[in-house]
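What follows is one structure encoded as structure tokens, with my remarks underneath.
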Amino acid sequence: MISLPARTDAHFVLVGGTDPDDPDSVAYAATLDALVQASGHSGRLHMVGHRADVERFYADADLFVYCAVQPEGLPTVILEAMQYQLPVIASAIGGAQEIVEDGIGGRLVAAGDRRQLTAAIVDLLDNASLRGRMAAAGLARLREVYSPARQLALTQALYAELINVPT
């Protein structure tokens, strides 16, 4: 659990639900809830479960934290945060390393490194102008690299290459 004693005004929201038919998912959620309760910060750590209105959480946020400990190929949640013009702090694993330009559109931290994560959060919470610059850079990167038009062109080029490969 991270500790931000100097930032008692900070609130953290975990949006996402569990699969009630998956015992591992239910156990994980129970573990998270127990950690939140034991932290003494349950009034600042909010687990809201699965929501259809996630845009309101993005709109109310100052930054986005993706603190995965296992790699994910393309964590689209980071792309969503960039679309909502949020600076991103992400674990430097998997696809997050390709999406987030460290120091430009956000910060990459070592997966599981609570001190690094805490320092990045505090730094961005304390620096609104940096948050603004990173948010703008992240949105620009999203539009340049992950636009539907670019992804379509890359997919078409790949198919063209595969079709023309001699067998």
Side-chain angles (χ1 to χ4, degrees), residues 1-2 11-29 31-32 35 45-121 123-125 130-165:
M1 189 68 60
I2 65 171
H11 285 257
F12 298 86
V13 180
L14 177 62
V15 180
T18 58
D19 179 353
D21 297 326
D22 178 1
D24 291 337
S25 177
V26 172
Y28 180 70
T31 299
L32 282 180
L35 286 169
L45 303 168
H46 313 280
M47 293 175 44
V48 299
H50 176 76
R51 299 293 295 251
D53 61 343
V54 294
E55 63 278 348
R56 75 174 267 228
F57 294 97
Y58 285 120
D60 288 342
D62 292 316
L63 57 92
F64 179 82
V65 178
Y66 174 81
C67 53
V69 293
Q70 294 184 355
E72 185 176 350
L74 181 68
T76 56
V77 68
I78 294 175
L79 300 174
E80 289 176 6
M82 293 163 73
Q83 178 66 38
Y84 282 94
Q85 300 182 50
L86 292 171
V88 173
I89 299 169
S91 297
I93 56 173
Q97 297 173 102
E98 296 175 29
I99 298 171
V100 178
E101 291 180 291
D102 189 33
I104 299 171
R107 294 273 170 78
L108 291 172
V109 299
D113 188 326
R114 292 181 283 181
R115 290 181 187 185
Q116 230 183 11
L117 179 62
T118 301
I121 291 170
D123 186 41
L124 287 181
L125 287 177
L130 178 60
R131 286 196 316 269
R133 287 191 306 274
M134 286 185 166
L139 180 61
R141 179 167 173 77
L142 173 72
R143 289 179 174 164
E144 178 185 331
V145 177
Y146 297 96
S147 71
R150 182 167 189 270
Q151 295 306 307
L152 176 61
L154 290 171
T155 301
Q156 288 174 328
L158 175 63
Y159 281 133
E161 182 182 324
L162 291 174
I163 290 170
N164 293 322
V165 172

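These numbers come from the heavy atoms of this one structure, side chains and all, not from hydrogens, waters or symmetry mates.
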Next item on the list: Please examine the side chains of I99 and M82, heavy atoms only from C-beta on, and report whether any two atoms are closer than 4.5 Å.
Entry: yes
Note to self: Nearest 0.5 angstrom please: L139 CG to L79 CG, how far?
What the structure shows: 11.5 Å
Next item on the list: Please report the closest heavy-atom contact between V100 and A90, naming both atoms and the distance.
Entry: CG2-CB, 4.2 Å
Notebook entry, point to check: Would a 4.5 Å heavy-atom cut-off, applied to side chains only, mark Y28 and D24 as touching?
Noted result: no
Check: Does the Q151 side chain pair with the main chain of V145, one donor and one acceptor, at a distance under 3.5 Å?
Finding: yes
Check: Between A29 and T18, which heavy-atom pair has the shortest distance, and what is it?
Finding: CB-CG2, 3.1 Å
Notebook entry, point to check: So which heavy atom on A137 is nearest to which on I104, and how close?
Noted result: CB-O, 3.4 Å
Next item on the list: Would you mind reporting whether R107 and D123 have side-chain heavy atoms less than 4.5 Å apart?
Entry: yes
Next item on the list: List the atom of E101, the atom of R141, and the distance in Å for their closest heavy-atom pair.
Entry: OE1-CD, 3.3 Å
Next item on the list: To the nearest 0.5 angstrom, please state how far the CG atom of L108 sits from the OH atom of Y66.
Entry: 11.5 Å
Next item on the list: Count the heavy atoms of every other residue, nucleotide or ligand shown that sit under 6.0 Å from CZ of R51, and state whether that count exceeds 12.
Entry: yes
Next item on the list: Taking all heavy atoms of V109 and all of A120, pick out the closest pair and write down the distance.
Entry: CG1-CB, 4.0 Å
Next item on the list: Please round to the nearest 0.5 Å and tell me the distance separating atom CD of Q116 and atom CD1 of I121.
Entry: 11.5 Å
Margin query: Do L158 and L154 make a side-chain contact, defined as non-hydrogen atoms from C-beta onward lying under 4.5 Å apart?
Written below: no
Item checked: Euclidean distance, L117 CG relative to D113 CG, rounded to 0.5 Å -> 8.0 Å
Notebook entry, point to check: For S91 and A96, which heavy atoms make the closest approach, and how far apart are they?
Noted result: O-CB, 3.4 Å
Next item on the list: Find the distance between CG (L14) and CG (L45) and round it off to the nearest 0.5 Å.
Entry: 9.5 Å
Notebook entry, point to check: Hey, what do you get for CD1 (I89) to CD1 (I78), rounding to the nearest 0.5 Å?
Noted result: 11.5 Å
Notebook entry, point to check: Can you say whether the rings of Y84 and Y58 are parallel (under 30°), tilted (30 to 60°) or perpendicular (over 60°)?
Noted result: parallel
Next item on the list: Say whether, by atom type as modelled, one donor and one acceptor occur between the side chain of R131 and the main chain of L86 under 3.5 angstrom.
Entry: no
